[in-house]
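Count residues from 1 along the sequence. Heavy-atom basis, side chains included; hydrogens, waters and symmetry copies ignored.
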Amino acid sequence: MSPTRVLVLNSGSSSVKYQLLDMRDSSRLAVGLVERIGEGTSRLKHTPLTTGASRELTGPVADHAAALKAVAEELAKDGLGLDSPELAAIGHRVVHGGKFFTEPTVIDDDVLAEIERLIPVAPLHNPANLTGIRTAMALRPDLPQVAVFDTAFHTTMPESAARYAIDVKTADEHRIRRYGFHGTSHAYVSRATAKLLGRAPEDVNLIVLHLGNGASASAVRGGRCVDTSMGLTPLEGLVMGTRSGDMDPAVIFHLMRVGGMSTDEIDTLLNTKSGLIGLCGDNDMREIRRRVDEGDEQAALAFDIYIHRLKKYIGAYYAVLGRVDAVAFTAGVGENAAPVRAAAIAGLEELGLVVDGERNAVRSDEPRLISPEYARVAVAVVPTDEELEIAMQTHALVGTARHLT
C-alpha cells in the first residue's frame, strides 16, 4: 500500500509550526510548534494526538536545522518518525509564489531558485520558508518535498484585477502586481462553503472573508478567485491587527518629506504599528469589544473603521461577481467574533444579506449558516484548515506523480 502520511511545515523567521496527518481519513497524528528559534528561551511544544499528552522542551535551539531535528526526535518517540515508510511527503507553506507558481509544486533546484528570486517582494516570509525547505531536504533527501503557495489560488485573477495602473514596463521589470495571500485558506473555505450549501464549487459565487490578525477578502466565481484584497504584499486591503490596509500612497511621501521618516520607519509603522493597534492600542478583537461595551470611544472608533472597510469590500465584491450565493467568515476573528459578523452584514438587507441573531451567537467548530432560512444570500461561518489544505494538495500531487511513474 502507498504511504499515506504527510508532514506539513510552516517555517517562520523564528518558529516552525508542524502537523503530521494521515490522508486516509485526514486525521491528525501530531501537532507542534517550535518558537523563539535562535534564542536561549526556545520552546518546543509537541502533542501526539494518538495519546493527547503534550510535551514541552525548553532551552536554546540554535537554528531551523536544530529545530527540525528536535521535531523529528519528538515524532520518533511516538513511532511517527521521519524515517517511517508511511511518510509520503513533506508539504511546505510558501508565502509568495509570484505569478507563475499556480499549483502545488515538487521542489527542485529550479523551484528553490525562483522562491529565492521572489525574496524582494516577500522579504519577511520567503527566506524563512526557504530555510525550512532546505533543512527538511537535508534530513530526508529521498522524500518528495512539495511547496504549496499562499499566492497560487489567486493566480486565476484576470489582468484587470491583478494589474496596478502604473507604467507597464516598470511594473513588469520589478514584478509589481497584485498577488494576494491566504490562498490556502480561501481555497479550502470556498470549497467547504459550497459543500455546506450542497452545491458544487463550480456552481457558486462566494465572498470569503479571512479575518484574523492578518485579514483578506476574496471574490470567488465558480471555484476560481477573480479578485482579492491583498496585493503585492499582505499590507493592502482590509484593516488588520497591526497593518493599515488600503491607504493613499502619498501618505508615504508626506511622512518622508514632512515627517522626516525613513523608508524602514514607515515600513514598520504601516506593518506593525497601524491597523487596530494603531487606532486604539489593542489588536485583540475580544479586548476591543470589551472596551466598546464599557463605553471606550477610541475602541469604538477603531471597531467602526474596521467594519466600514470590511463592508466596503463586501459591496465591491458583490458588484464584481454580479451574483452572490454566500458570504463566508473564517479565521480567528471571523469564526469567533459574532459582533463583527453582525456589524459587517448590518444594513445590507437590500443585497439579500441578513444575519439571524440566535444562529450568529452559537459557538461551534463546525461549518454553519448564520442567516435565516428566507435569506436570498447565505451567510456562513466556515472554520479554515490551512494545514489540511496543504496536506491534501501535497498528497494529491505526490500520488499523481507516483501513479505516472
Side-chain angles (χ1 to χ4, degrees), residues 1-12 15-34 45-50 68 71-72 74-76 78-95 97 101-107 111 115 125 128-129 132-133 135-137 139-140 142-153 181-195 201 210 212 223 330-331 365-367 382-403:
M1 190 173 80
S2 299
T4 59
R5 294 177 183 172
V6 174
L7 177 64
V8 175
L9 294 178
N10 182 353
S11 299
S15 67
V16 175
K17 297 177 184 177
Y18 63 94
Q19 293 193 12
L20 180 66
L21 299 94
D22 190 329
M23 300 316 296
R24 286 176 297 185
D25 57 3
S26 299
S27 61
R28 284 167 174 76
L29 303 176
V31 302
L33 167 68
V34 187
K45 183 176 181 179
H46 173 83
T47 304
L49 297 177
T50 49
L68 284 183
V71 169
E74 290 306 305
L75 288 168
D78 306 308
L80 305 170
L82 297 191
D83 58 351
S84 169
E86 295 183 63
L87 187 61
I90 299 177
H92 298 266
R93 179 195 180 216
V94 179
V95 168
F101 287 120
T102 62
E103 296 176 340
T105 305
V106 174
I107 299 168
V111 173
I115 295 172
H125 299 96
N129 299 157
I133 291 169
T135 301
M137 291 178 80
L139 285 174
R140 281 297 307 268
D142 59 315
L143 197 68
Q145 312 266 340
V146 175
V148 178
F149 299 93
D150 268 13
T151 49
F153 182 66
F181 299 90
H182 295 146
T184 50
S185 176
H186 286 278
Y188 179 87
V189 171
S190 59
R191 285 201 319 275
T193 303
K195 182 179 180 181
H210 176 107
T330 193
D365 294 330
E366 297 298 319
V382 180
T384 192
D385 197 332
E386 295 174 88
E387 290 78 15
L388 177 58
E389 180 70 18
I390 292 170
M392 289 192 300
Q393 292 190 27
T394 297
H395 191 251
L397 178 62
V398 170
T400 300
R402 187 179 294 113
H403 176 73

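The minimum heavy-atom distance between Ala192 and Val382, with the atom names listed, is CB-CG1, 3.6 Å. Shortest non-hydrogen contact noted between Ala187 and Ser190 is O-OG, 2.9 Å. For the pair Ala88 and Leu143, the tightest heavy-atom approach, listed with the atom from each and the gap, is O-CD1, 3.8 Å. Across every non-hydrogen atom of Val146 and Pro104, the tightest pair is CG1-CB, 4.0 Å. Heavy-atom minimum distance, Pro383 versus Asp365: CG-O, 3.2 Å. Closest approach of Gly132 and Leu68 over heavy atoms only: O-CD1, 3.8 Å.
Two residues are said to be in side-chain contact when any heavy atoms from C-beta on lie closer than 4.5 Å; Leu9 and Thr135 fail this criterion. Using a 4.5 Å cut-off on side-chain heavy atoms (C-beta onward), Val8 and Thr394 make no contact. Using a 4.5 Å heavy-atom threshold, the side chains of His46 and Leu75 count as touching. Put simply, the side chain of Tyr18 does not reach to within 4.5 Å of the side chain of Val31, judged on heavy atoms. The shortest distance between side-chain heavy atoms of Pro3 and Leu87 does not fall below 4.5 Å.
Glu103 contributes atom CD, which lies 13.0 Å from atom CZ of Phe153 (distance to the nearest 0.5 angstrom). In this structure, OG on Ser84 lies 8.5 Å from CZ on Arg140, to the nearest 0.5 angstrom. Once rounded to the nearest 0.5 Å, the distance linking CG of Leu82 with CZ of Arg5 reads 11.0 Å. Considering NE2 of His395 and OG of Ser26, their distance stands at 9.5 Å, rounded to 0.5 Å. Here Asn129 contributes atom CG and Asn10 contributes atom CG; the two are 7.0 Å apart, rounded to the nearest 0.5 Å.
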Output, in order, the C-alpha distance, side-chain angles, deciding distance and verdict of side-chain contact (heavy atoms from CB on, under 4.5 Å) for Ile133 and Val94. CA-CA 9 Å; Ile133 291 169; Val94 179; 3.9 Å; yes
Going through the checks in order, is the side-chain contact (heavy atoms from CB on, under 4.5 Å) test met by Phe101 and Val111? CA-CA 9 Å; Phe101 287 120; Val111 173; 4.0 Å; yes
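Ring planes of His182 and His210: parallel class, angle under 30° (limits at 30 and 60°).
Remark: Thr102 engages no residue in a side-chain hydrogen bond (donor to acceptor under 3.5 Å, both in side chains) (not counting sequence neighbours).
Within 6.0 Å of CG in Asp25 there are more than 12 heavy atoms belonging to other residues, nucleotides or ligands.
Between the side chains of Thr4 and Asp22, at least one donor-acceptor pair of N or O atoms lies under 3.5 Å. At a cut-off of 3.5 Å, with distance as the only test, no side-chain donor of His125 or Asp150 sits close to an acceptor on the other residue.
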Side-chain donor-acceptor contacts of residues 385-393 below 3.5 Å, not counting sequence neighbours, with atom names and distances?
unit_1 : atom_1 : unit_2 : atom_2 : d
Asp385 : OD1    : Arg28  : NH2    : 2.4
Asp385 : OD1    : Leu388 : N      : 3.0
Asp385 : OD2    : Arg28  : NH1    : 3.4
Asp385 : OD2    : Arg28  : NH2    : 2.7
Glu386 : OE1    : Thr184 : OG1    : 3.3
Glu389 : OE1    : Arg191 : NH1    : 3.4
Glu389 : OE1    : Arg191 : NH2    : 2.6
Glu389 : OE2    : Arg191 : NH1    : 3.2
Glu389 : OE2    : Gln393 : NE2    : 2.7

